[in-house]
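This report refers to the structure that appears directly beneath it.
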Amino acid sequence: MSWKLTFLQQIVDADIFVKSTEMSPHIELYQIDDTHWQQLAQIANANQLRWAAGFAVQSGEQFHVHACFERKGTYLLFRTTINGSKPQLPSQATVYAAANRSERHTHDLFGIEFLQHPDSRGWTRHQAWRRHEYPLRHDFPVTGAPAEITPPDTSYHFVEAHGIGVYEIPVGPVHAGIIEPGHFRFQAVGELILNLEERLGYVHKGIEKIAEGRTPEGLAKLAGRVSGDTTVAHTWAACMAMEQAAGIHIPRRATLIRGIFAERERIANHLGDIGAICNDVAFTFAFMQMMRLKELWCRTNYELFGHRFLMDKIVAGGVNVDINDVAGKFILIEINELRVELAQLIPAMDLSSSLEDRIYTAGYLSPQTAELFGTLGFIGRASGQDFDVRRDAPYAPYENVKVKVPIETQGDIASRFWVRYKEINASLKLIEQFIAQLELLPEGDLLASWVIPDNGRFGLGIVEGWRGEIMTYVEFGRNNAVSRFYPRDPSQFNWEPLEKAVLNNIVPDFPVCNKSFNCSYSGSDL
């Protein structure tokens, strides 16, 4: 009996299962009773399912709470319904560490209490709203009622450490650069890090709230701004969810162009991150060279498609820009030039003893810890987590190509460095294959006709962004208007592993540890 049949049989035997609906070949929805919410997580964990997302949707006087689980590329979405007058639900964070901050986010913005939750501190709330105000409820105005000056967030209780020689180092939330705000609280003895906690959400863009009432075109634009360096993948996931809800299939040419854009985004970010890791250990030559290559790559995006980061090129129903034969040939030439450049630069980095001294064994994230927190993308793959949506739950255009997924098991900064480099090479090959397939198709078939979804129709878009698996839920109300948008960035599962990876490292190594993860502040601050 397969794992899925075994798992489903167990929840039937426990009188948990109510009914199911197939959403797509990889996703099924199950409705269950709220009293079994925690028991569901226990059975899922015993069957080695990964906790992949959690979110809530308000429906009249009720809340629909969702949890998504994954194993071997199959996603099972569970939903329970609770009353809005006193919304309570057993916590799944007691079973899955990955559910911790997601449930806290849902509590802060919806007022749903997760019973027995291991951490009662607010996560998204800060001091912007008064007690018993919940911004994602329908009766809360989109503009809110902000004070002239938001009070300082001084009441958050960080973990404390005591002992001879123990001291704290507060860093941020405002940093000496252009990165978004985030607070890091260290406890250390000498230079040795004993504990680290981060505190995020200082901007709180209101992405989920301002999505309400948007058209598909407007939501696609908003999704592209969840995390600016992942504009392609977040837009793709949102459009995939909307297209599921509308029941439409986009043209093959559009899927290939989306794939090319996503791989170009992956390559640009990996080039920049490899350079930034080198910069944080004072290997300035490598930093300048990798940033030069990234700059050239982004300039090509602008010259061919009109935007350096390919923002707003993916739209609901397809894409709004083509890749003709001339552009395809230009990209292939650029790929060859990049390979030549990397063939010269990477060996120089590999032979650098100063770089080796700083990145090998530093920032160690064990495979066990990576699995515990559901770590995604290149960070997870550098710690032995062998999962990639493109290969394990393939979506067009990846279903017709072989996706090579590099895996490292050492779990240190060096492993995250080398996984990035290997992913660049794999992405270059994918782009070549997609361009070869494009050449066989007629130009111009880029958009499917839009079909207005019925009230209550929803979809779940899942794509492999450059940081890892992105999962996006979109539900429609009346008149083609979005009623709920929830984008789950991979960084939601990657920030906490960073806290573990820096333990027993020295404080001066935190910047390079942090850069080797490069989690998104913005993607974790909806």
Side-chain angles (χ1 to χ4, degrees), residues 4 7-23 27-47 49-71 75-125 132 134-140 208 374 455-460 471 473-475 477 483-486 488 492:
K4 180 180 171 184
F7 170 62
L8 293 178
Q9 186 60 51
Q10 289 178 14
I11 65 173
V12 168
D13 293 343
D15 199 27
I16 294 177
F17 169 77
V18 178
K19 61 180 179 179
S20 68
T21 303
E22 183 174 327
M23 298 174 58
I27 307 168
E28 296 177 11
L29 171 67
Y30 296 86
Q31 180 78 31
I32 70 169
D33 186 77
D34 63 305
T35 58
H36 297 293
W37 194 244
Q38 189 178 83
Q39 187 181 6
L40 165 69
Q42 292 168 343
I43 297 174
N45 189 45
N47 283 273
L49 276 74
R50 174 175 62 90
W51 198 92
F55 54 92
V57 178
Q58 185 175 359
S59 177
E61 299 301 317
Q62 296 179 319
F63 294 103
H64 300 310
V65 182
H66 301 72
C68 188
F69 300 87
E70 179 275 333
R71 185 178 174 188
Y75 293 84
L76 305 177
L77 181 64
F78 289 86
R79 179 173 67 191
T80 191
T81 301
I82 57 177
N83 193 291
S85 60
K86 190 178 180 181
Q88 293 180 331
L89 201 59
S91 172
Q92 293 184 343
T94 59
V95 182
Y96 284 98
N100 184 322
R101 290 178 177 174
S102 177
E103 289 187 348
R104 291 162 68 189
H105 174 81
T106 300
H107 172 265
D108 286 350
L109 298 189
F110 280 102
I112 298 172
E113 181 183 3
F114 289 92
L115 304 174
Q116 302 174 329
H117 194 284
D119 191 341
S120 61
R121 297 175 296 176
W123 179 245
T124 310
R125 198 167 187 83
H132 304 308
Y134 302 107
L136 285 186
R137 291 194 179 185
H138 290 162
D139 60 359
F140 189 89
E208 295 173 276
N455 181 29
R457 290 282 295 178
F458 60 89
L460 192 67
M471 185 176 295
Y473 178 89
V474 178
E475 183 171 325
S483 60
R484 181 74 172 103
F485 171 55
Y486 174 71
R488 198 273 294 139
Q492 182 183 115

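Below, all heavy atoms of this structure are taken into account, side chains as well, without hydrogens, waters or symmetry copies.
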Trp37/Val65 under side chain to side chain contact (heavy atoms under 4.5 Å, CB included): CA gap, chis, key distance, verdict = CA-CA 10 Å; Trp37 194 244; Val65 182; 4.0 Å; yes
Show your reasoning for whether side chain to side chain contact (heavy atoms under 4.5 Å, CB included) applies to Ile16 and Gln10.
-> CA-CA 9 Å; Ile16 294 177; Gln10 289 178 14; over 6 Å; no
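Nearest heavy atoms, Thr81 versus Gln31: OG1-NE2, 3.2 Å. Heavy-atom minimum distance, Ser102 versus Gly54: OG-O, 3.0 Å. Looking at every heavy atom in both residues, Phe114 comes nearest to Pro90 through CD2-O, 4.2 Å.
Put simply, CG on Asp13 and CD1 on Ile43 are 8.5 Å apart, with the number rounded to the nearest 0.5 Å. Separating the CD1 atom in Ile27 from the CE atom in Met471 is a distance of 7.0 Å, to the nearest 0.5 Å. Distance check, rounded to the nearest 0.5 Å: CG of Asn47 to NZ of Lys4 gives 13.5 Å. To the nearest 0.5 Å, the span separating CD1 on Ile32 from CG on Leu40 amounts to 4.5 Å. For the atom pair OG (Ser85) and CD (Gln62), the distance works out to 10.0 Å, reported to the nearest 0.5 Å. Taking OG1 of Thr80 as the reference point, atom NE2 of His36 lies at 9.5 Å (rounded to 0.5 Å).
At least one donor-acceptor pair under 3.5 Å links the side chain of Asp33 to the backbone N or O of Thr35. No side-chain donor-acceptor contact under 3.5 Å links Gln42 to the backbone of Ala44. The backbone N or O of Phe458 lies less than 3.5 Å from no partner atom in the side chain of Arg484, so there is not a single donor-acceptor pair. For Asp108 (side chain) and Trp123 (main-chain N/O), a donor-acceptor pair under 3.5 Å exists by modelled atom type. Glu208 contributes no side-chain N or O that, together with a main-chain N or O of Leu136, makes up a donor-acceptor pair within less than 3.5 Å.
The only member of Thr106, Asn83, Ile82 that meets side-chain contact (heavy atoms from CB on, under 4.5 Å) when paired with Phe63 is Ile82. Of the residues listed (Phe69, Tyr75, Phe78, Phe7), the one engaging Tyr30 in a ring-ring contact (aromatic ring centres under 6.0 Å, His included) is Phe78, and it is the only one.
Relative orientation of the Tyr473 and His66 rings is tilted, given thresholds of 30° and 60° on the angle between their planes. Aromatic ring pairs are classed by plane angle as parallel below 30°, tilted from 30° to 60° and perpendicular above 60°; the pair His105 and Tyr486 is tilted.
A salt bridge between Arg137 and Asp139 is absent, with no side-chain N of the basic residue lying under 4.0 Å from a carboxylate O of the acidic one.
Within a 6.0 Å sphere centred on CG of Asp119, heavy atoms belonging to other residues, nucleotides or ligands number more than 12.
Taking the six-membered ring wherever Trp is involved, the centroid distance between the rings of Phe110 and Tyr134 does not fall below 6.0 Å.
Counting only residues at least two apart or on different chains, the side chain to side chain donor-acceptor pair (under 3.5 Å) pairs with a member in residues 87-100 are Gln38-Thr94, Trp51-Gln92, Gln88-Glu113, Ser91-Glu103, Asn100-Arg104. Each salt bridge (charged side-chain N to carboxylate O under 4.0 Å, His left out) pair with one or both residues in residues 61-71, not counting sequence neighbours, appears once here: Arg50-Glu70.
Under the side-chain hydrogen bond (donor to acceptor under 3.5 Å, both in side chains) criterion, Ser120 pairs with no residue at all, not counting sequence neighbours.
Between the side chains of Glu475 and His64, no donor-acceptor pair is found at a separation under 3.5 Å.
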